[in-house]
2 protein chains.
Amino acid sequence: MPKDRSPTRIQKKNRAAILEAALEVFSAHGFRGATVDQIATQAGLSKPNLLYYFPSKEAMFTALLSELLDTWLDPMREIDAAGDPLEEILAYVQRKLQMSRDFPRESRLFANEIVQGAPRMLDALSRDLRDLLEEKEQILAGWMAAGKINQTHPKHLVFSIWALTQHYADFDVQVRMLMGDEDPFDAAPEFLETLYRRMLTPKS
Amino acid sequence: MPKDRSPTRIQKKNRAAILEAALEVFSAHGFRGATVDQIATQAGLSKPNLLYYFPSKEAMFTALLSELLDTWLDPMREIDAAGDPLEEILAYVQRKLQMSRDFPRESRLFANEIVQGAPRMLDALSRDLRDLLEEKEQILAGWMAAGKINQTHPKHLVFSIWALTQHYADFDVQVRMLMGDEDPFDAAPEFLETLYRRMLTPKS
DNA sequence: GATGGATTTGACCAACTGGTCAAACTCACG
DNA sequence: CGTGAGTTTGACCAGTTGGTCAAATCCATC
């Protein structure tokens, strides 16, 4: 294992290559389904070399998670209590959808883990996600109480945004199989905008 | 492997026990993450005995899939072109939500497989699901053209129903972690009814 | 209650997997 | 350049896993 002094040029390059390869392999096969050898091959390194940089397969996984979770939650952090309620929500939906388009592997990494009970992620989630959701839930509830958007269950509203946007990344093969030539992401932005606009625009 | 004559009492019982155990284990760990030994223990049988009834782990998985897929698609088959459009869709949403509540393991089994690219399921899906979706899509498009429900992308509408309802089964641990004591399925039916009613009720 | 097919299993195997280690190699720096 | 820390790897190991097989046991039928 490399010393934890300031990382050398080589350390930086190899750690990055390993995490990139780990993302590729873990997101495609899940933790159990991925092998260290697969990751090594993908990274262009030998297996013992990987284990020189990370003490174990599990350490690669958790390092990857903690690196990604922050970025993953950023779109939600941007929801601004001072902004226009409906537009804030619609913009969040579009940011989240864009994440599914640009980072499908990250989405599938989380999906894989959560579907299987999130045994290696629940701690991180309850640490980072719980408070964030609570905060934004307050904002949504405030907007509803003020009549700025239609009344509905704030938590379920957030879940629905997650479900609808991540579906395009997590179930990509199914969606593409059923859509044939058409790119799902062509119509998705408008579909979701319409859905949430109709759902949330208060009856004047 | 038992003869494929009419199955004996014991064959019926053991095949059922194995498939039930396989559902439990595959849905929790995915195909690669599940071991034959786990399934055997869960079924109360020995490992060689499992392999007497199914030639391989893969055979157990595909047998399970083909047994479940039909039931899984039933709620969609019930959509009736002759019924009241909005009520037909709302009823479908509720049926699908009920499936997530009553059969979360089945939902997670499919989710696990599809997230990983559905290597063992894509054939079955494109055989059974493609035509069914196309048929119901026509019905939805007809309703929209007739002004019975609001205009929107029919395929994305169906995807949204799948995403929203299955989310409660597939991401169960996350949802429950964030909802604390409250049972997600208490408010979900009303939330989804409201969502689709607002989205689809045509502007009079 | 005998008998032959159906069922069950302990022992086993080869392949795979995560991880170790000592030896070899590379590279920044004086 | 020499040198020592940083990096890489071939060989290896122990545990796990899917699957086999011959022998043992069970059970429906006559």
Side-chain angles (χ1 to χ4, degrees), chain A residues 1-65 112-113 116 119-120, chain B residues 1-65 112-113 116 119-120:
Chain A
M1 191 162 34
K3 295 285 168 67
D4 53 358
R5 312 281 176 180
S6 61
T8 68
R9 175 182 57 86
I10 295 176
Q11 278 173 34
K12 252 188 259 184
K13 190 191 58 173
N14 282 351
R15 272 189 66 99
I18 292 169
L19 288 178
E20 159 65 26
L23 172 58
E24 185 73 23
V25 176
F26 281 135
S27 69
H29 304 291
F31 179 78
R32 185 73 154 53
T35 73
V36 179
D37 260 320
Q38 273 179 309
I39 300 173
T41 302
Q42 181 78 28
L45 298 171
S46 68
K47 182 169 65 160
N49 206 1
L50 289 218
L51 294 163
Y52 169 73
Y53 288 100
F54 294 91
S56 68
K57 178 183 171 183
E58 179 119 14
M60 290 174 214
F61 192 80
T62 53
L64 186 58
L65 279 187
N112 253 311
E113 187 66 5
Q116 298 187 10
R120 285 162 285 268
Chain B
M1 193 163 29
K3 295 284 169 64
D4 53 359
R5 310 283 176 179
S6 61
T8 67
R9 176 182 57 88
I10 294 175
Q11 278 173 34
K12 252 187 260 180
K13 191 191 59 171
N14 281 352
R15 270 188 69 99
I18 292 169
L19 288 178
E20 158 65 26
L23 172 58
E24 184 72 24
V25 176
F26 281 135
S27 68
H29 305 292
F31 179 78
R32 186 71 154 54
T35 74
V36 179
D37 260 321
Q38 274 179 311
I39 300 173
T41 301
Q42 182 79 27
L45 298 170
S46 69
K47 182 170 65 162
N49 205 1
L50 289 220
L51 294 162
Y52 169 72
Y53 288 100
F54 294 90
S56 69
K57 178 183 171 183
E58 180 121 12
M60 291 174 215
F61 192 81
T62 52
L64 186 59
L65 279 186
N112 254 311
E113 187 66 5
Q116 299 188 11
R120 286 160 286 268

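In what follows, chains are A, B, ... by sequence order, proteins preceding strands, each numbered from 1.
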One pair to check against side-chain contact (heavy atoms from CB on, under 4.5 Å): Val36(B) and Met60(B). What are the steps and the verdict? CA-CA 9 Å; Val36(B) 179; Met60(B) 291 174 215; 4.2 Å; yes
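- The distance from atom CD1 of Ile39(A) to atom C1' of dT17(C) is 12 Å, rounded to the nearest whole Å.
- Between Arg32(A) and dT17(D) there is a side-chain N or O to OP1 or OP2 distance below 4.0 Å.
- Among the atoms of the strands shown, only primed sugar atoms or phosphate atoms (P, OP1, OP2) are found under 4.0 Å from some heavy atom of Ala34(B).
- Residue order along DNA chain C, read from the 5' end via each residue's closest nucleotide, puts Ile10(B) first among Lys47(B) and Ile10(B).
- Applying the 4.0 Å criterion to OP1 and OP2 of dA28(C), one finds that Arg9(A) has a side-chain N or O inside that range.
- Nearest nucleotide to the side chain of Ser46(B), out of dG19(D), dT8(C), dT8(D): dT8(C).
- Atoms NE2 and CD1, on His29(B) and Ile39(B) in that order, are 9.5 Å from each other to the nearest 0.5 Å.
- Phe26(A) places its CZ atom 12 Å from the C1' atom of dG18(C), with the value rounded to the nearest Å.
- With rounding to whole Å, Leu50(B) atom CG is found 16 Å from dC21(D) atom C1'.
- Between His29(B) atom NE2 and dT16(D) atom P the separation is 15 Å, expressed in whole Å.
- Of the candidate nucleotides dT17(D), dT9(C), dA6(C), dA6(C) has the atom lying nearest to any side-chain atom of Tyr52(B).
- The side chain of Pro48(A) sits closest to dA11(D) out of dA11(D), dG19(D), dT7(C).
- Between dG18(D), dT8(C), dG6(D), one nucleotide has an atom nearer to the side chain of Val36(B) than all others, and that is dG18(D).
- Comparing dT9(D), dA6(C), dG18(C) against the side chain of Thr8(B) picks out dA6(C) as the nearest.
- In this structure, CD1 in Ile18(B) is found 11.5 Å from CG in Leu64(B), a value given to the nearest 0.5 Å.
- Between Lys13(B) atom NZ and dC27(D) atom C1' the separation is 12 Å, expressed in whole Å.
- Remark: Asn49(B) is in phosphate contact with dT9(C), judged by side-chain N or O atoms under 4.0 Å from OP1 or OP2.
- Going from atom CG of Leu51(A) over to atom P of dG10(D) covers 14 Å, rounded to whole Å.
- Side-chain atoms of Tyr53(B) lie closest to dT8(C) of the nucleotides dT8(D), dT8(C), dG18(D).
- Between dA6(C) and Asn14(B), no contact under 4.0 Å exists linking OP1 or OP2 to a side-chain N or O.
- Annotation: the span from Glu58(B) atom CD to Arg120(B) atom CZ amounts to 6.0 Å, rounded to 0.5 Å.
- Two residues are said to be in side-chain contact when any heavy atoms from C-beta on lie closer than 4.5 Å; Phe31(B) and Gln116(B) fail this criterion.
- Phe61(A) has its CZ atom 14 Å from the P atom of dG19(C), to the nearest Å.
- Where Leu45(A) and Lys57(B) each meet DNA chain D at their nearest nucleotide, the meeting point lying more 5' is that of Leu45(A).
- Using a 4.0 Å cut-off, some side-chain N or O of Gln11(A) falls inside it from OP1 or OP2 of dT7(D).
- Within the 4.5 Å cutoff, the side chain of Thr35(B) has no heavy atoms near those of the Lys47(B) side chain.
- dG18(D) atom C1' lies 9 Å from atom CG of Asp37(B), rounded to whole Å.
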